[in-house]
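The analysis underlying the following values was restricted to heavy atoms, covering all of them including side chains, and did not include hydrogens, waters or symmetry mates. Owing to the predicted nature of the structure, the values given are computational and were not obtained by experimental measurement.
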Amino acid sequence: MLKLLRYLRPYAALVAANFLFVFFSAFAELYLPRLMADIVDYGIVNGDTAYILRTGGWMLLVALVGTAVAILGNYASARVSMGFGRDLRSAVFRKVQGFSLAEFDRIGTATLITRTTNDITQIQNVLVVALRMMLFAPMMMIGSVILALSTDVGLSVVVLVALPLLALTIGVVGTRAVPLFQAMQRKIDRLNRVVREGLTGVRVIRAFNRTEYETGRFVDANRDLTETAIRVNRLMAALMPTLSLLMNLTAIAVVWFGGIRIEAGHMEVGDLMAFVQYVMHIMFSLIMLSMMFIMLPRAAASATRINEVLDVSPAITDPPEPRSPRESLGQVEFRNVTFSYPGAERPALEGISFVARPGEVTAIIGGTGSGKTTLVNLIPRFYDVQEGAVLVDGVDVREWKQDELRARIGYVPQKAMLFSGTIADNIRFGRADATDDEIAHAAAVAQASDFIAEMKDGFNTEIAQGGTNVSGGQKQRLTIARALVRRPRIYIFDDNFSALDFKTDARLRAALKREVGRATVFIVAQRVSTVMDADRIIVLDAGRVAGMGTHRELMQSCAVYREIVASQLSEEELA
């Protein structure tokens, strides 16, 4: 947790001011009982009204100043903790944005969301309390002990008996509560994962009538978290009455033995009143510290989880001395590339070699799991190869700066992804400075103009989160328009024509052929009709190149390609 304190550096002045506010607030709290004792022991006993009014006025002033500095201290601690939480969330988000897909696969999206939200909130809440209580409570405790001893040493024995009992109670509860607090964070992760899967996969769940099963998963995760939370709250609920009982018993003992000492003439009534206040301050301070020590383990568990994210060294980083090509043409070359996913038994791609030149369309086809998407994901360096090299314009992608490399690529992922905002915003996501005319042109090439024109607000139509208010084919065409407006040197279309009818597919491919010009184009597809006109077709089978050439050449030389063509033609004839 101490590693995260570096994010407090911008707030050093506020932390110092908060310390001063807490100091003066504690001083006021400790000074008031002494003034009350003076009024009782001197003013009332001697009937000195002027002394009572004068000392009472001074008490009122001290109380007002104490209130003012307490408010300022609360404000300062709130500003520091909220700013700290904001900066830490930004740091985690920026770190996650730099992760490669391998880190996302390893850590998991659900836990990253929990760590960025719930875990940081836990630390933020502890910090706002720590800036007040962890400063205020020790000052109050030390000051109250000194003043209690100076008031009556003999009566302080009662406090020495009560403190071990309080410490023992707090220790027992804390020992049992800390593991439960740590377990709660893991169970929040699990609940978050189940909820996320249930919401994103709602269509599949309903289609297979698995609503009751998913509800059961949610109920199990929710019940597990609830039971743990109830156990923790039972412990905390038992702690407060127990501590209150010990405090009140201590106060009774102080009054009892204090009365005996007053009767014996060893103590004044005002001193007893002040001593009771000091004892209460000592007890409350100890309770506040105990609450902090119970909260800290949960925050420490959250801090550990956050540090796990911040300490990750991304597998894909910019080289110390990046290289840039002499010319930006868009030529892509695979040199004997072999790639394996972490923990996989066999390579996803093995021995892949080819060259894709500007002005050419390279199509990639093959069965499910043959490595088509994996291959194109190596071009923008979403993953790094284990053997061989992927070169763009003659430079290994590992020697490029990532932002410069990806600025030359228009990537349309296999799963169409839209963001909340307008249609224009989603297309402009490809290039922030794109004009309205460029957006309209990209939409026209992507065959999206017709359905956009039918919408009430046209390009200003709002897209729901995840694009749930448009069809699959419409999402695919909008993501294609987003890549087109970028006008890159390299286009990657990862199976983006599957949701389109044959007529729209043909019009889109014809428009793309005119639009992309001298760019290098990669098309991953399942349909033979989509790839037949490509300059080069790469047939993948179990991660290896089963054939490469034009449609006519592959029909003569590649058995795998002939099987794919035969299966699809027969299906089309049956339809």
Side-chain angles (χ1 to χ4, degrees), residues 93-107 109 112 309 312-344 347-358 360 362 364 370-415 417 429-431 479 482-483 486-496 519-524 538 540 543 545:
F93 185 80
R94 285 195 301 269
K95 184 73 174 184
V96 171
Q97 289 296 302
F99 283 179
S100 68
L101 297 185
E103 276 86 46
F104 278 107
D105 296 339
R106 178 166 57 85
I107 299 176
T109 305
L112 286 174
V309 176
V312 168
S313 296
I316 296 177
T317 57
D318 288 334
E321 297 181 1
R323 292 177 57 196
S324 297
R326 295 178 180 178
E327 293 183 284
S328 180
L329 301 175
Q331 179 172 297
V332 178
E333 180 181 357
F334 277 62
R335 289 184 183 172
N336 196 29
V337 167
T338 297
F339 170 78
S340 299
Y341 287 103
L349 295 172
E350 189 173 2
I352 307 295
S353 296
F354 67 89
V355 178
R357 297 177 178 85
E360 294 181 346
T362 300
I364 304 166
S370 59
K372 302 183 298 296
T373 296
T374 302
L375 187 149
V376 294
N377 279 339
L378 297 178
I379 300 172
R381 205 188 169 200
F382 292 156
Y383 297 96
D384 273 345
V385 301
Q386 279 81 44
E387 295 179 20
V390 179
L391 294 87
V392 173
D393 289 330
V395 178
D396 193 321
V397 293
R398 290 169 291 192
E399 298 180 16
W400 282 77
K401 286 190 67 174
Q402 294 178 70
D403 56 349
E404 291 184 6
L405 171 65
R406 291 165 186 167
R408 288 166 167 78
I409 299 173
Y411 177 70
V412 187
Q414 186 174 25
K415 182 179 179 182
M417 178 64 195
F429 194 87
R431 184 159 60 87
T479 54
R482 182 172 63 200
R486 194 175 182 85
R487 294 191 176 279
R489 292 293 184 180
I490 302 168
Y491 288 92
I492 299 175
F493 300 99
D494 187 3
D495 198 12
N496 309 119
T520 305
V521 180
F522 289 87
I523 297 178
V524 175
I538 300 173
L540 292 181
V545 176

With Asp318 via salt bridge (Lys or Arg N to Asp or Glu O under 4.0 Å) - residues at least two apart: none
Nearest atoms (heavy-atom pairs only) where Ser370 meets Leu540: CB-O, 3.6 Å
All side chain to side chain contact (heavy atoms under 4.5 Å, CB included) counterparts of Tyr411, not counting sequence neighbours: Asn377, Phe382, Ile409, Pro413, Ile492, Asp494
Where Ser340 and Pro347 come nearest, the two heavy atoms and their spacing: OG-CA, 3.2 Å
Residues in ring-ring contact (aromatic ring centres under 6.0 Å, His included) contact with Tyr383, at least two apart in sequence or another chain: Phe339, Tyr341
side-chain hydrogen bond (donor to acceptor under 3.5 Å, both in side chains) involving Arg357 - partner list, sequence neighbours excluded: none
side-chain hydrogen bond (donor to acceptor under 3.5 Å, both in side chains) against Arg489, all qualifying residues, sequence neighbours excluded: none
Salt bridge (Lys or Arg N to Asp or Glu O under 4.0 Å) partners for Glu103, two or more places apart: none
All side-chain hydrogen bond (donor to acceptor under 3.5 Å, both in side chains) counterparts of Thr520, not counting sequence neighbours: none
Residues in side-chain hydrogen bond (donor to acceptor under 3.5 Å, both in side chains) contact with Glu404, at least two apart in sequence or another chain: Ser324
Counterpart residues, salt bridge (Lys or Arg N to Asp or Glu O under 4.0 Å), relative to Arg486 (two or more places apart): none
Within residues 384-394 or reaching into it, pairs that qualify as salt bridge (Lys or Arg N to Asp or Glu O under 4.0 Å) - sequence neighbours excluded: Arg381-Asp384
Side chain to side chain contact (heavy atoms under 4.5 Å, CB included) partners of Asp396, counting only residues at least two apart: Ala389, Arg398, Glu399
Residue list, salt bridge (Lys or Arg N to Asp or Glu O under 4.0 Å) with Arg106, at least two apart or on another chain: none
